[in-house]
Number of protein chains: 4
Amino acid sequence: MSHAQAVEEHPDATRRNEASRRAILTAAFDLVGEVGFTKLSIEAIAARAGVGKQTIYRWWPSKGVVLFDAFLVLSEDRASGDPALPDTGDLEADLKTVLRATVDELNDPRYEEPLRALNTEMVHNPELAATYAERLHEPMQELKRDRLRRAQQAGQLDADTDLDLAVEMLWGPLLNRWLQRTGPLTAEYADRVVETALRGLRPRA
Amino acid sequence: MSHAQAVEEHPDATRRNEASRRAILTAAFDLVGEVGFTKLSIEAIAARAGVGKQTIYRWWPSKGVVLFDAFLVLSEDRASGDPALPDTGDLEADLKTVLRATVDELNDPRYEEPLRALNTEMVHNPELAATYAERLHEPMQELKRDRLRRAQQAGQLDADTDLDLAVEMLWGPLLNRWLQRTGPLTAEYADRVVETALRGLRPRA
Amino acid sequence: MSHAQAVEEHPDATRRNEASRRAILTAAFDLVGEVGFTKLSIEAIAARAGVGKQTIYRWWPSKGVVLFDAFLVLSEDRASGDPALPDTGDLEADLKTVLRATVDELNDPRYEEPLRALNTEMVHNPELAATYAERLHEPMQELKRDRLRRAQQAGQLDADTDLDLAVEMLWGPLLNRWLQRTGPLTAEYADRVVETALRGLRPRA
Amino acid sequence: MSHAQAVEEHPDATRRNEASRRAILTAAFDLVGEVGFTKLSIEAIAARAGVGKQTIYRWWPSKGVVLFDAFLVLSEDRASGDPALPDTGDLEADLKTVLRATVDELNDPRYEEPLRALNTEMVHNPELAATYAERLHEPMQELKRDRLRRAQQAGQLDADTDLDLAVEMLWGPLLNRWLQRTGPLTAEYADRVVETALRGLRPRA
DNA sequence: ACTTAAGCGAGACGGTACGTCAAGTCTTTCT
DNA sequence: AGAAAGACTTGACGTACCGTCTCGCTTAAGT
């Protein structure tokens, strides 16, 4: 996939002012962290970015999509290093490392509100959800599948298991707890999820 | 718990007009299905219910809570029969039955939009999330734990497994797929989740 | 008819906030004198009056009508004394007095811009023109006709002359010069108009 | 003076695109008749004329002046024949002929809206008024004075009468009725104005 | 039974933000 | 260098709702 690409391109994109674009995305990301998605307004984004409202409406259909693009920029910037998941040969340890990192990210106050906003906006915006799936979710999913596939080839994972399902068994409970706040999201919890997912709920033989 | 009870009770509840209350909750539930949560407005609810705006503001703090109460009424109405989960002795079969029912409910177009609205509103409203956890989530969770506890006592479940975690391992992937639309939500998927959760991801001995 | 009455009355006028109404009319009149009619905006009126925009849109269809109402209030306030035109028995002297007063009023910087605004707005707004004719023009016209009628009965005016036409012959040139700025508007000019209108353009017999 | 000349000439006029200029003036004149002066926009003129906005801003300071130039072009086109007023020797008849023609012009639906626009724009734009006075009003006024001067020399008009005033006594009431819509503008009205202006309001000796 | 105080439908109010339109400026590309 | 095209900032438009606030009215409770 290499680097993701922005979503919007309705008018003549060559004439576009790149400085305004960055200012808008930065303003949107900062503001959503300050006031939350519901109270985020196009007017406030425009004012903070020093930009006319029309410039936002010209290139984006809604504040949700603006925010999504802000995430895209963020993940592009972070994707510079090696994106692969760790592989020490110890599957359980590696998964715990990654899930603990996920927990930390979800608990990071800088990302919490924007991440929640993105997730809930997707819920009501199928088109946005599709773009998300393609541009952000799928590349991450592929990395996760990669790691599991290697484990499978090493005989550490059941040969019949669908890798997408396996990923969902591991990350689903975390995301769920985070979105629904049905319990604390800790490193220990991450560990338990990994252990339980690998071993299964049935009693040990 | 028997029947749940409404959340609000600030003024003198004895003088409250029950007809208006029902009209408001019905209007809110219907409207959210028609226009979505974001475009749901107090004014529209009041107009549809034939009620003054103040009557809504008197008893509810926000449209999110109105909607939540509408769900409460709904679940009260359904809670008339035996609420317990099926127990045929075959844990795997029973879980598949229940998760398939969950899938059907999530896919039901009548509940889809309101359910999404409730879930996303909780994401941004911790107070609502707490009430949800107490009034709707926890009672359900208890029923699920009950069934698993009986399985544990029957030796069909690992004795050390935390029951809350077990529930999350089973339901989390479903809810996640539904909220994020990362894949189709089918009966087969429910079956696979149950099988994988019980057996674990590791290869069979 | 005595005192004129405000134009607007669409919603339930009994609930109307009189303080807001006066504040709006005052703000509109002041602002038009400061920035002119073209640059007069509903937003500025609302801000100056300390009022929501909707309160203006609720009761008036356009800024032109707001301004018209402001004039109505003004003329109500001035209509307290005896409105009749002077009648000393000397028609020519009386007309000069009145036309000189008209000249002074048109040249008064406090009224100049608002008066121009009212006049030009009427040009493009037939409905407003009709209301103006009924509420402001016609009462004034009647006073003027009255004075001329008395002169006619006293044999100072041709018996066949149409009084409306006579009024137009006297006031028309003044108003025209004022609106079109085709020449200076002075007391001497008023005098010459009166003399010429009475005597006619033909040579003296 | 022969043919009037356009107002604008700021940049290097030799490089100017004449086709664009005509297209702009035509578009402005047509549009003002369709939507009125207030709703006339530079953008719409540019679009209709197939011209960039900058081309308008380069050569004209405001839409009012564009419109004015459009009138100039119109009057140039009409000024091809003999511009003098009729002179049959019968002053009253000639004036009636001319004023009836004026009435017809003012009532012509093709010119009504643009003419009103021009008049009201002048009211708020002294600079435009001055240009109007010089380029359109004064040449017409001179023609009218000419005819009256000949009548004066023939002893048909009072020798002391100021000719500008006389013109205003004749045309003022008409223009006024037209702008203020205070009464119907008919040929009969024109006749009465001429008769009254010539004879005066006083009783016949 | 008669006051009296609350809930109620209604809707005006001061506001905020919406999404659109046009203003006048600026830059790019073509002629 | 003029012109067509069109992106840009600015500001006003007229609308939708917000949450608060009277206004009369019904209605149940407490004398």
Side-chain angles (χ1 to χ4, degrees), chain A residues 11-21 39-47 49-59 61-63, chain B residues 11-21 23 39-47 49-59 61-63, chain C residues 11-21 23 39-47 49-59 61-63, chain D residues 11-21 23-24 39-47 49-59 61-63:
Chain A
D12 179 355
T14 69
R15 289 210 174 288
R16 182 160 192 185
N17 184 332
E18 178 63 15
S20 292
R21 181 176 158 269
K39 295 193 173 173
L40 178 66
S41 71
I42 299 277
E43 299 227 332
I45 296 173
V51 137
K53 279 198 290 178
Q54 201 59 49
T55 300
I56 300 183
Y57 285 112
R58 180 154 36 231
W59 301 105
S62 71
K63 64 178 179 177
Chain B
D12 179 355
T14 67
R15 285 183 168 281
R16 182 161 190 184
N17 184 333
E18 178 63 13
S20 291
R21 179 175 161 271
K39 295 193 173 173
L40 178 66
S41 70
I42 299 278
E43 299 228 334
I45 297 173
V51 138
K53 281 199 293 176
Q54 197 68 298
T55 302
I56 300 183
Y57 285 111
R58 179 150 39 229
W59 301 105
S62 72
K63 64 177 179 177
Chain C
D12 180 354
T14 68
R15 290 207 172 289
R16 183 159 191 188
N17 184 334
E18 178 63 15
S20 293
R21 181 176 159 270
K39 294 193 173 173
L40 177 67
S41 71
I42 299 277
E43 298 227 333
I45 297 173
V51 137
K53 279 199 291 178
Q54 202 57 49
T55 301
I56 300 184
Y57 285 111
R58 181 153 35 231
W59 301 105
S62 72
K63 64 178 178 176
Chain D
D12 179 356
T14 67
R15 288 186 164 277
R16 183 161 191 186
N17 184 332
E18 178 62 14
S20 292
R21 180 175 159 271
I24 288 164
K39 295 193 173 173
L40 178 66
S41 70
I42 299 277
E43 300 227 332
I45 297 173
V51 137
K53 281 199 291 175
Q54 201 57 39
T55 301
I56 300 183
Y57 285 112
R58 180 151 37 229
W59 302 104
S62 72
K63 65 177 179 177

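Numbers restart at 1 for each chain; the letters A, B, ... are given by sequence-line order, proteins then strands.
Straight-line distance from the CG atom of A:Leu40 to the P atom of E:dT16: 17 Å, rounded to whole Å. Per the geometry, CD belonging to B:Glu18 stands 22 Å off P belonging to F:dT26, to the nearest Å. Spacing between atom CD1 of D:Ile45 and atom C1' of E:dG24 amounts to 14 Å, rounded to whole angstrom units. Taking atom NZ on B:Lys63 and atom C1' on F:dA16, their separation rounds to 12 Å, with Å as the unit. Spacing between atom CD1 of A:Ile56 and atom P of E:dT20 amounts to 13 Å, rounded to whole angstrom units. Taking atom NZ on D:Lys39 and atom P on F:dC13, their separation rounds to 13 Å, with Å as the unit. Separating the OH atom of D:Tyr57 from the P atom of F:dA5 is a distance of 16 Å, rounded to the nearest angstrom.
A cation-pi arrangement, defined by a distance under 6.0 Å to the six-membered ring centre and an angle within 45 degrees of its axis, is absent between D:Arg21 and D:Trp59.
For F:dG19, its base sits under 3.5 Å from the side chain of B:Lys53 at one donor and acceptor pair at least. For F:dC18, its base never sits under 3.5 Å from the side chain of B:Glu43 at any donor and acceptor pair.
In this structure, D:Ser41 reaches the sugar-phosphate backbone alone: every heavy-atom distance under 4.0 Å involves primed, P, OP1 or OP2 atoms, never a base. Across all strands shown, D:Ser20 has heavy atoms under 4.0 Å from sugar-phosphate atoms exclusively, and none from any base.
Side-chain proximity of D:Arg58 to F:dG2, F:dC8, E:dA22: nearest is F:dG2. With distances taken from any side-chain atom of C:Gln54 to the nucleotides F:dC8, F:dA16, E:dG14, the minimum falls on F:dA16. Counting only heavy atoms from C-beta on, D:Arg16 has its side chain closest to F:dA3 among F:dA3, F:dG14, F:dC18. Listed nucleotides E:dA23, F:dA7, F:dG19 differ in distance to A:Arg15; the shortest reach to its side chain belongs to F:dA7.
The phosphate of E:dA12 (OP1 or OP2) has no side-chain N or O of C:Thr55 nearer than 4.0 angstrom. Regarding contacts with the backbone of F:dA7, every side-chain N or O of A:Trp59 stays at 4.0 angstrom or more from both OP1 and OP2.
The NZ atom of A:Lys39 lies 11.5 Å from the OG atom of A:Ser41; values are rounded to the nearest 0.5 Å. Going from atom CD of C:Gln54 over to atom CD1 of C:Ile42 covers 11.0 Å, rounded to the nearest 0.5 Å. Between atom CZ of residue A:Arg16 and atom OG1 of residue A:Thr14 there is a gap of 11.5 Å, rounded to the nearest 0.5 Å. Note that CD1 of A:Ile45 and CD of A:Glu43 are 10.5 Å apart. Values are rounded to the nearest 0.5 Å.
The two residues B:Ala46 and B:Ile56 come nearest to each other via the heavy atoms N-CD1, 3.8 Å. The two residues C:Lys63 and C:Leu40 have their closest heavy-atom pair at NZ-O, 2.9 Å.
Heavy-atom nearest nucleotides on DNA chain E were determined for C:Asn17 and for B:Ala46, and the one closer to the 5' end corresponds to B:Ala46. Residue whose closest nucleotide on DNA chain F sits further toward the 5' end, between A:Gly50 and B:Ser62: A:Gly50.
Axis orientation changes by 10° from one end of the helix from E:dA1-F:dT31 to E:dT31-F:dA1 to the other, with each end axis drawn from 5 pairs and the value rounded to 10°.
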